[in-house]
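Taking it in order: structure first as structure tokens, then the write-up.
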Amino acid sequence: MADQSDTPQSDGPETDGSKTDRQDRAKPGSKRGPFWRLLFFFALLAVGAAAAGAYYIKNEFERPGPLAESQSLVIERGSAVKEIAEDLEVAGIISNPDIFRIGVRVLDMGRDLKAGEFVFEAQMSMRQVAEHLRSGETLLHRVTIPEGLTSQDVVALLAQVPQLEGTIDQIPPEGALLPETYYFSRGDSRQVVLARMAQDMEEAVTALWSQRQEGLPLKSADELVVLASIVERETGVDGERALVAGVFINRLRKGMRLQSDPTVVYGLAEGTGELGRPLTRKDLKTKHAYNTYIIDALPPGPIANPGLDALQAVAEPAETEFFYFVADGSGGHAFAKTLDEHNKNVAAWRKFQKQQKATDQN
């Protein structure tokens, strides 16, 4: 019998851990395999890079922009987001057109960006710029229509406003436009602005006619506009309009002719409102539809576009005993109850004119 100690001995039974290691190495799908660990590592890198990129873009999109002071920029109709971004960069409003485009796309704002002329404030972020473009709050321009212009004059004035577009093919009826200050955006139509003037006049006349003083010798709102246009051309003094209107109302009630020089000028000048020379005695005797020295009552239509104050003056004229007035040389008028008083005022006016002419010649 051999000695047990001489029998070759193994190093001992295999451990469970050794078997597991071999099994792990044998299983291609093991999560602890080198390939999958590497893939997982790169996935983490990609996610991290994407997160870092998103953070960078968001930060750039929302940080203050490079604009040092407020500036306007016109965004043309039909511009794509790419073109808008490039225009903004050229104008110094944004610093990176690519980030602007990405930010707009992410926020789904591309279809909402409006055309027009915008004012951008200093240091607006790209997000603020995009939201401003989406709001449509364009820069407003204005045009002031002076009281007493003819419709032909108003159309000519609008034609000279460079921010408006389009043409006006037909001159509106005299007295159909309300002189006011009108606001508009660059690129608006001249015809649209003109339509607003007509709408405003219609609304103003309708309101004033419904609230007019009782007992006026006027048959319609149209006649109110006719008389208001005469008042407008007779005086530009605010405090005189209601008084001048009162004089004409008194004359109409008595069946007296209005004898208004501006109506004569309008008829002779064929609707332009400007004769280019002083009226003569012959002019006052020349027959035409607007010569209120010859015709009874009102002329057939307005001689200008009266302002709201003149319309108001006719709707609520001053209660007065005056039937006459003439210029007094100070920009206003001298009023009289009788023809004798009026003739004295006329003599004083002519004396003033002679003195003024002599002064000018010297």
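Basis for what follows: all heavy atoms, side chains included, without hydrogens, waters or symmetry-related copies.
Under a hydrophobic clustering in which Ile, Leu, Val, Met, Phe, Trp and Tyr are joined whenever their side-chain heavy atoms come within less than 4.5 Å, directly or via other members, L311 and L258 fall into the same cluster. Hydrophobic clustering of Ile, Leu, Val, Met, Phe, Trp and Tyr side chains at less than 4.5 Å, counting indirect connections, unites L298 with Y290.
H132 meets the ring pair (Phe, Tyr, Trp, His ring centres under 6.0 Å) test with F118, F120; sequence neighbours excluded. Remark: I295 pairs with T292, P299 by the side-chain contact (heavy atoms from CB on, under 4.5 Å) rule, at least two apart or across chains. In terms of the ring pair (Phe, Tyr, Trp, His ring centres under 6.0 Å) criterion, H288 has no residue partners (sequence neighbours excluded).
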Identify each donor-acceptor pair in which a side-chain atom of residues 155-169 lies under 3.5 Å from a protein atom, sequence neighbours left out, and give them as a table.
| residue | atom | partner | partner atom | Å |
| --- | --- | --- | --- | --- |
| T167 | OG1 | D169 | OD1 | 3.4 |

Quiz: residues 97-106 side-chain donor-acceptor pairs under 3.5 angstrom, not counting sequence neighbours:
| residue | atom | partner | partner atom | Å |
| --- | --- | --- | --- | --- |
| D98 | OD1 | R101 | NH2 | 2.7 |

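Other residues, nucleotides and ligands contribute more than 12 heavy atoms inside 6.0 Å of the CD atom of E62. Heavy-atom neighbours of R111 CZ from other residues, nucleotides or ligands within 6.0 Å: at or below the threshold of 12.
Using a 4.5 Å heavy-atom threshold, the side chains of V192 and F184 count as separate. Looking at M197 and M201, their side chains never come closer than 4.5 Å, going by heavy atoms from C-beta outward. For the pair L107/R127, a side-chain contact is recorded, criterion being any heavy-atom separation below 4.5 Å from C-beta on. Looking at heavy atoms from C-beta onward, S229 lies out of side-chain contact with Y266 at the 4.5 angstrom threshold. Under the 4.5 Å side-chain criterion, counting only non-hydrogen atoms from C-beta, L140 is in contact with S185. In this structure, the side chains of R251 and F323 come closer than 4.5 Å at one or more pairs of heavy atoms. Side-chain contact between R186 and V74 is present, with heavy atoms from C-beta onward closer than 4.5 Å.
Annotation: salt bridge (charged side-chain N to carboxylate O under 4.0 Å, His left out) contacts involving residues 143-164, sequence neighbours excluded, are absent.
For the residue pair D283 and T286, no side-chain donor N or O sits within less than 3.5 Å of a side-chain acceptor on the partner. With hydrogens and angles left out, the side-chain atoms of E117 and H141 include a donor and acceptor closer than 3.5 Å.
Annotation: the span from L177 atom CG to I145 atom CD1 amounts to 8.5 Å, rounded to 0.5 Å. For the atom pair T320 OG1 and K337 NZ, the distance stands at 8.0 Å (nearest 0.5 Å).
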Next item on the list: Mind running side chain to side chain contact (heavy atoms under 4.5 Å, CB included) on M126 and R63 for me, showing each step along the way?
Entry: CA-CA 8 Å; M126 284 188 253; R63 76 169 183 167; over 6 Å; no

Notebook entry, point to check: After noting the C-alpha distance and the side-chain angles of L243 and T235, does the key distance pass the side chain to side chain contact (heavy atoms under 4.5 Å, CB included) rule?
Noted result: CA-CA 10 Å; L243 193 56; T235 181; over 6 Å; no

Checklist line | Criterion side chain to side chain contact (heavy atoms under 4.5 Å, CB included) on V226 and L218, from CA distance to verdict | finding: CA-CA 10 Å; V226 173; L218 302 172; over 6 Å; no

Next item on the list: Decide yes or no on side chain to side chain contact (heavy atoms under 4.5 Å, CB included) for E240 and F335, but give the supporting numbers first.
Entry: CA-CA 10 Å; E240 280 192 354; F335 294 83; 4.0 Å; yes

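Remark: the backbone N or O of A207 is paired with a side-chain donor or acceptor of S210 at under 3.5 angstrom. Within the 3.5 Å criterion, the main-chain N or O of F325 finds no donor-acceptor partner in the side chain of N345.
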